[in-house]
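Residue numbers run from 1 in the order of the sequence given.
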Amino acid sequence: MSETTPASGAADTATAPFRYSAALAAEIESRWQDIWEKEGTFHAPNPAGDLADPAAADVASKPHSFIMDMFPYPSGAGLHVGHPLGYIATDVFARYQRMNGYNVLHTLGYDSFGLPAEQYAVQTGTHPRVSTEANIANMRQQLRRLGLGHDPRRSIATIDPEYYRWTQWIFLQIFNSWYDEQAAKARPIAELVAAFENGTREVPGGRAWSALNAAERDEVLGEYRLAYAKEVPVNWCPGLGTVLSNEEVTADGRSERGNFPVFKSNLRQWMMRITAYSDRLISDLDLLDWPEAIKLQQRNWIGRSEGARVDFAVGERKITVFTTRPDTLFGATYMVLAPEHDLVDTIVPAAWPEGTREAWTGGAATPAEAVTAYRAAAAAKSDVERQVEAKVKTGVFTGAYAVNPVSGEPVPVFIADYVLMGYGTGAIMAVPAHDHRDFAFARAFDLPMRCVVEPTDGRGEDPAGWDDAFDTYDSVIVNSAHDEGTADGIALNGLSVVDAKAAVTAWLTARGIGEGTVNYRLRDWLFSRQRYWGEPFPIVYDEDGVMHALPESMLPVEVPQVDDYSPHTYDPYDSTSTPKTPLSRNEDWVTVELDLGDGPKTYRRETNTMPNWAGSCWYELRYIDPSNREQVVDPANERYWLGPTEQKPGGGADLYVGGAEHAVLHLLYARFWHKVLHDLGHVSSVEPFHKLFNQGMITADVYRDERGFPVPAAEVEEHDGQYSWQGEPVKREAGKMGKSLKNAVAPDEIADEYGADTLRLYEMSMGPLDVSRPWDTRAVVGSYRFLQRLWRNIVDESTGELVVTDEEPDEATLRALHKAVDGVRADMAGLRFNTAVAKAIELNNYLVKRGSTPRAVAEQVVLMVAPLAPHIAEELWRRLGHGESLAYTGYPVADPAYVVDESVTCVVQVKGKVKARLEVAPSISDAELEALALADPAVVAAIGGAEVRKVIARAPKLVNIVTG
């Protein structure tokens with residue numbers, strides 16, 4: 001719904017041909033955008049390479065500011081006014097930094113591989129490259145119209161083969177690396193191979209490296225590589241025909257794209273060993289200027305927890321569990337394995353043990369039948385469904401018993417869907433008296449409970465009468481002793497939880513049946529997709545199935561041109577289906593003859609593609625050195641723009657603005673890739689992004705008909721608080737802005753009606769940048785009128801001549817100017833653009849009331865608003881007689897003498913009542929103010945000769961006198 005205010009009209013043109021109107025704004029904006037482009041106004045020189053500027057002074061010594069926006073995905077729907085909020089904000093800050101003498105790197109690229117383009121291509125028959133490139137061109141045009149000061153030479157698109165050549169190169173660096181825990185860094189895999197060859201490192205399994213064939217060596221190295229292929233439990237989405245990473249699955253167990261159900265399945269996939277960096281990903285958060293909420297999300301996602309690994313014997317085999325509460329081992333009365341655990345098949349006996357309870361069998365005649373049926377049921381559920389706390393607990397007895405290592409007692413082994421392979425070891429020791437989920441399971445299956453942590457709430461030590469588990473660290477251990485006083489005995493009774501954990505861990509370690517360890521929630525990153533529109537892997541396989549990394553000279557492996565790029569999808573609920581990759585259908589591309597150093601041979605290419613996250617893991621490096629064909633980035637340029645400093649101990653971009661929704665996706669992945677490159681010596685910075693700022697979103701009212709379907713918001717009419725569309729009542733609700741909700745407002749529409757500067761100014765003035773705010777088209781006119789008043793203060797609307805005066809500004813005007821400059825500078829530096837706009841409006845209104853604008857003041861006002869409304873500012877600057885763009889003109893600096901008030905009003909109270917107001921100097925001391933107040937005639941009269949018991953002076957604004 002909108003209510004428009006005409007921006008110009010025929011009458012205005014006739015009576016005021018030089019009025020700031022939509023038409024004039026359009027002409028000014030288009031002209032200045034052409035000038036900026038022609039003159040390369042926003043080109044940022046590098047210290048070295050193609051983008052170095054020989055005419056520039058020593059660039060390496062110049063202060064720099066690297067400002068980034070999170071990669072946009074070019075959509076066919078184009079932009080709505082919510083999209084550019086962050087882009088305008090970073091442009092305002094970049095322009096401000098540039099005017100303050102910084103060499104500013106600000107550009108924008110396009111994250112253009114991935115599902116949306118491919119799905120659109122499948123629906124329309126348009127090749128994804130064609131549609132994506134068209135979308136990029138449209139988005140570039142829309143963004144250009146906003147006057148964004150990007151360096152176009154540095155813009156990239158992930159679908160450009162010259163870009164993804166280096167994505168593939170980085171993948172090979174990761175593939176050819178392993179994580180040395182002793183050195184706490186990645187090292188080349190060749191160094192590990194050399195250690196196996198010369199015997200300084202034992203080969204797993206005990207055989208000599210020379211005795212292994214190529215396939216066996218490949219398998220050994222796969223257990224070390226930071227990028228590896230392995231059969232693992234994955235999130236399989238039949239509706240999309242691809243597997244997904246954990247981060248791409250929603251909280252209700254469905255795909256982030258398309259909202260299809262996701263199932264667990266064992267498939268051979270490419271993985272990234274991001275878990276090797278768990279501790280560093282946590283500890284290095286301390287180096288970053290990020291919102292605490294985002295840091296907390298990453299810490300929680302990585303999920304570091306300290307505890308113990310414990311082995312429970314099952315005949316000749318053992319079940320290994322990880323527990324954060326080894327102090328409760330005596331309370332473990334049963335065990336649970338994830339249904340997918342590979343040990344299940346080896347421990348299931350042929351028949352139920354004598355005395356097995358009917359409730360444990362699931363109604364099956366044998367343990368094998370029970371396990372098979374339960375596994376099938378669990379496979380149809382998502383991880384989230386399996387972890388829901390409130391649901392009825394399900395499970396089945398395997399028929400096997402394990403031995404509790406501290407008590408020696410047999411404990412039954414179940415499988416249950418509330419235990420997942422994705423956390424810990426896929427097995428738990430169940431302590432039902434002190435764990436809520438275990439308690440519910442034990443009650444459902446009539447399993448024993450033992451209290452081993454003394455209750456502090458008066459409930460007693462017999463769990464039979466409990467309603468729920470007792471879970472606390474603030475107590476002592478009870479009922480936890482076995483063979484006390486013997487060599488193999490252990491006694492924990494009376495110990496605190498902390499002391500008991502240490503004691504039992506030492507006991508387990510000494511006997512080789514456990515040890516203290518650290519566990520993480522973070523899983524290795526699933527890095528392959530069964531789709532067409534993505535970066536191909538630079539990997540081939542020989543006739544024995546041994547993988548070979550392609551040499552750098554064979555990069556890029558380009559996405560082949562194919563006619564059929566549709567994924568092989570299935571019924572969304574077909575959990576038994578398996579992926580079939582589109583690239584595998586292109587036999588001419590898949591089978592290839594290559595010479596990898598030992599003569600021409602036939603190989604088969606990897607037919608999975610990389611996820612769309614790959615291209616966005618490193619784009620900050622390509623912004624720095626976009627045309628470098630020899631290196632991913634020149635070290636001199638990387639050190640200049642990203643290198644560590646005293647203010648940035650981890651290095652990284654100076655400002656990164658984007659949505660908080662990427663906290664555990666893009667941000668975590670990019671940090672991991674950057675750290676690998678740092679370890680291998682390719683970059684000096686430890687972190688890619690030093691300062692992170694999460695902008696809010698622009699929301700908009702959604703109008704729905706009686707069916708609940710959105711109707712076009714712009715066509716809705718309002719009468720007495722009621723809303724209708726085409727004569728039918730509709731309901732209004734707050735929501736996001738988007739094409740599907742029929743409430744999107746295109747930035748082009750606002751620019752057509754008011755000009756791009758008005759749109760920029762309005763979006764920056766709507767509220768704090770980090771807070772979501774509702775769009776109101778009717779309110780845009782306020783920003784437009786401010787620009788009109790600014791124009792009129794400098795230009796005559798009838799003649800186009802300047803109306804500024806050559807008079808010296810009076811002291812009041814100087815104070816108004818310098819207070820505004822002081823406040824706006826602080827707001828700009830703090831990204832508080834809404835309050836900066838308010839201060840600029842206040843100053844401009846002062847000049848309107850003043851009746852004339854001195855040239856010296858006008859120039860400062862124009863410079864002050866230039867980052868916010870750059871087109872009108874450039875035009876006014878030119879009309880004020882300046883031949884150069886103001887982009888590099890110094891931003892106004894306040895004179896401290898005019899910022900401080902000349903006098904301050906001090907309130908004097910006697911017995912709590914105001915008796916006088918004094919005009920005093922801001923610098924007056926408490927003693928001086930007290931003496932002044934006591935001498936004031938009105939105060940003397942109010943005291944009336946009474947005894948002054950106390951005087952409280954708070955210079956310069958308050959004096960409180962107590963009498964009597």
Supply the atom-to-atom distance F672 CZ to H674 NE2, rounded to the nearest 0.5 angstrom. 13.5 Å

Here the gap from Q695 atom CD to L85 atom CG, rounded to the nearest 0.5 Å, amounts to 6.0 Å

Neighbour count >12 (heavy atoms, 6.0 Å) for atom [atom1], [X]:
| X | atom1 | value |
| --- | --- | --- |
| D564 | CG | yes |
| R257 | CZ | no |
| E219 | CD | no |

Exactly one of R605, R604, E606, H548 should register a side-chain hydrogen bond (donor to acceptor under 3.5 Å, both in side chains) with Y541. Which one does? E606

If you take the centroid of each ring, where Trp contributes its six-membered ring, are [Y] and [X] closer together than 6.0 Å?
| X | Y | value |
| --- | --- | --- |
| W525 | Y669 | yes |
| H682 | W169 | yes |
| H106 | F42 | no |
| W301 | Y520 | no |
| H127 | Y532 | yes |
| F196 | W209 | yes |
| W533 | F113 | yes |
| F71 | Y619 | yes |

By the definition side chain to side chain contact (heavy atoms under 4.5 Å, CB included), identify the one residue from I174, V632, L621, V633 that meets it with L677. L621

Would R280 and D679 count as a salt bridge (Lys or Arg N to Asp or Glu O under 4.0 Å) if you check the C-alpha gap in whole Å, the side-chain angles of each, and the deciding distance to 0.1 Å? CA-CA 12 Å; R280 285 171 60 184; D679 287 355; 2.9 Å; yes

Closer than 4.0 angstrom, basic N to acidic O: yes or no for E223 and K230? yes

Could you list the residues that satisfy side chain to side chain donor-acceptor pair (under 3.5 Å) with Q298, not counting sequence neighbours? R671

Walk me through it: do R375 and E340 pass the test salt bridge (Lys or Arg N to Asp or Glu O under 4.0 Å)? CA-CA 7 Å; R375 277 178 154 176; E340 305 88 352; over 6 Å; no

Can a cation-pi geometry be assigned to R273 and Y179, taking NZ or CZ under 6.0 Å from the six-membered ring centre and within 45° of the ring axis? no

Here's a test for you: under salt bridge (Lys or Arg N to Asp or Glu O under 4.0 Å), which of E248, E118, E535 qualifies with R529? E248

Geometric class of the F537/F171 ring pair [parallel <30°, tilted 30-60°, perpendicular >60°]: perpendicular

Verify whether one side chain among S584 and N586 offers a donor that lies under 3.5 Å from an acceptor in the other. no

